[in-house]
Amino acid sequence: MKTSIVVPLLLLLFVFNLQADWREESEPSDQLENLVKLVPGTSHWMFEIGERYKNLYWAAKQGRWEFAQYQVEEIEKLIKVVQLARPKRAETAQEFIETGLPAISDGVESRNWDDFKPAFVKLNQACMTCHGKNDHAFITLPVEPLSASSPVLNLPE
Ligand code: HEC
């Protein structure tokens with residue numbers, strides 16, 4: 001075959017291959033491998049935990065205790081997701097579940113801002129203890145978040 005035909009043919013094959021969608025056109029083992037690579041890591045989940053942390057604070061401040069309780073439950077679920085997604089964080093995450101979460105649960109259950117406030121400070125410390133143990137001590141959190149993202153709380157941007 002002449003090179004003048006071979007080169008465009010190879011190019012065409014290359015382009016076709018790039019466009020092939022692995023989700024539909026590859027072996028299940030390759031699909032699984034790609035899916036495992038796509039499992040979001042700690043920082044992804046932490047971003048959401050950070051938002052819920054702020055929402056928790058402001059929900060309590062507004063006396064919206066059920067919404068505050070909901071935030072605590074979602075934070076716990078997300079910490080469990082981190083345990084599964086990143087096994088090297090599993091042990092410190094477990095410590096947080098056992099020693100960090102009970103105080104804030106009690107604080108929310110009290111439905112009283114004066115009891116909630118010190119419980120939130122304890123939560124803040126528990127979050128940052130885990131950051132320290134995972135070589136991210138520079139990620140610090142405010143004990144009095146200035147804003148919260150949930151439209152439920154309707155705070156200014
Ligand atoms: C299992 C230990 C652990 C616990 C518990 C934990 N964190 Fe984190 N967090 C990390 C690690 C590790 C990172 C850095 C991300 C990475 O290495 O991928 C991080 C990062 C963050 C970030 C930065 C996200 C970004 O990329 O901008 C925020 C915000 C955050 N955590 C909030 C919290 C809050 C709030 C709590 C407590 C309610 C908490 N974290 C509890 C381990 C933890």
Side-chain angles (χ1 to χ4, degrees), residues 18-157:
L18 272 186
Q19 282 172 346
D21 189 332
W22 63 266
R23 295 169 304 169
E24 283 148 20
E25 295 166 37
S26 65
E27 292 302 314
S29 60
D30 292 335
Q31 291 173 330
L32 192 61
E33 201 182 314
N34 283 349
L35 285 175
V36 168
K37 283 186 201 152
L38 285 173
V39 171
T42 309
S43 67
H44 175 98
W45 305 112
M46 284 296 150
F47 208 82
E48 184 176 339
I49 291 174
E51 292 306 307
R52 295 193 181 283
Y53 172 86
K54 295 192 290 176
N55 292 338
L56 165 62
Y57 176 86
W58 279 94
K61 203 162 187 172
Q62 293 182 357
R64 302 188 66 159
W65 297 109
E66 270 176 78
F67 194 58
Q69 180 58 39
Y70 166 73
Q71 297 302 332
V72 173
E73 285 162 15
E74 293 303 313
I75 288 173
E76 179 167 4
K77 277 190 214 162
L78 285 165
I79 292 287
K80 287 178 177 166
V81 170
V82 170
Q83 283 188 305
L84 189 60
R86 290 295 180 267
K88 69 173 171 181
R89 315 275 193 221
E91 198 182 323
T92 46
Q94 193 57 35
E95 283 170 29
F96 174 81
I97 291 168
E98 285 166 17
T99 61
L101 283 179
I104 191 64
S105 294
D106 291 348
V108 171
E109 219 167 279
S110 75
R111 298 195 165 217
N112 179 320
W113 176 252
D114 291 334
D115 292 331
F116 172 85
K117 198 62 221 303
F120 192 78
V121 173
K122 279 190 190 155
L123 174 69
N124 170 285
Q125 288 161 352
C127 298
M128 294 198 308
T129 297
C130 201
H131 291 171
K133 285 183 178 170
N134 284 282
D135 304 318
H136 282 74
F138 65 92
I139 301 181
T140 57
L141 300 155
V143 279
E144 291 181 4
L146 292 177
S147 63
S149 61
S150 172
V152 172
L153 301 163
N154 205 22
L155 289 162
E157 288 288 305

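All ligand and atom numbering here is 1-based and tracks the order in the structure.
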> Under a 4.0 angstrom heavy-atom cut-off, which atoms of ligand 1 come close to Tyr53?
35 (C)
> Are Lys54 and Glu144 ion-paired here, with the side-chain N under 4.0 Å from a carboxylate O?
no
> May I ask you to list the atoms of ligand 1 that are less than 4.0 angstrom from any heavy atom of Cys127?
34 (C), 35 (C), 36 (C), 37 (C), 38 (C), 39 (C), 41 (C)
> What are the atoms of ligand 1, with element, lying closer than 4.0 Å to any heavy atom of Leu141?
32 (C), 33 (C), 34 (C), 35 (C)
> Does a sphere of radius 6.0 Å around CD in Glu109 hold more than 12 heavy atoms from other residues, nucleotides or ligands, not counting ones at 6.0 Å or beyond?
no
> Is it the case that Glu27 and Gln31 place a side-chain donor and acceptor less than 3.5 Å from each other?
no
> May I ask you to check whether over 12 heavy atoms, not counting those of Leu146, lie within 6.0 Å of atom CG?
no
> Would you mind checking which non-hydrogen protein atom is closest to atom 31 (N) of ligand 1, with the distance to 0.1 Å?
His131 NE2, 2.8 Å
> Just to confirm my output: which protein heavy-atom neighbour is closest to atom 25 (C) of ligand 1, and how far is it?
Phe47 CD1, 4.0 Å
> Which heavy atom of the protein is the closest neighbour of atom 18 (O) of ligand 1, given with residue, atom name and distance?
Ser43 N, 3.2 Å
> Is a donor from one side chain sitting under 3.5 angstrom from an acceptor on the other, for Tyr70 and Asn55?
no
> For the pair Phe116 and Trp113, name the ring-plane relationship: parallel under 30°, tilted 30 to 60°, perpendicular over 60°.
parallel
> Looking only at distances, please establish whether an N/O atom of ligand 1 is found under 3.5 Å from an N/O atom of His136.
yes
> Counting heavy atoms not belonging to Glu91, are there more than 12 under 6.0 Å from its CD?
no
> Does one side chain, of Arg89 or Thr42, offer a donor that lies under 3.5 Å from an acceptor on the other?
yes
> Who's the nearest protein heavy-atom neighbour of atom 13 (C) of ligand 1, and how far?
Thr42 CG2, 4.1 Å
> Assess Met46: does it contribute an N, O or S atom lying under 2.8 Å from atom 8 (Fe) of ligand 1?
yes
> Which atoms of ligand 1 have any heavy atom of Ile79 under 4.0 Å away?
5 (C)
> Could you identify the single nearest non-hydrogen protein atom to atom 1 (C) of ligand 1 and state the distance to 0.1 Å?
Cys130 SG, 2.7 Å
> Contact between Ile139 and ligand 1, counting heavy atoms under 4.0 Å?
yes
> Hey, is ligand 1 close enough to Arg89 that some N/O pair sits below 3.5 Å?
yes
> Quick check on contacts: which atoms of ligand 1 are under 4.0 angstrom from a heavy atom of Ala93?
1 (C)
> List ligand 1 atoms under 4.0 Å from Asn134, heavy atoms only on the residue side.
2 (C), 12 (C)
> Less than 4.0 Å between a side-chain N and a carboxylate O, is that true for Lys77 and Glu73?
no
> Is it the case that more than 12 heavy atoms not belonging to Lys122 sit under 6.0 Å from its NZ atom?
no
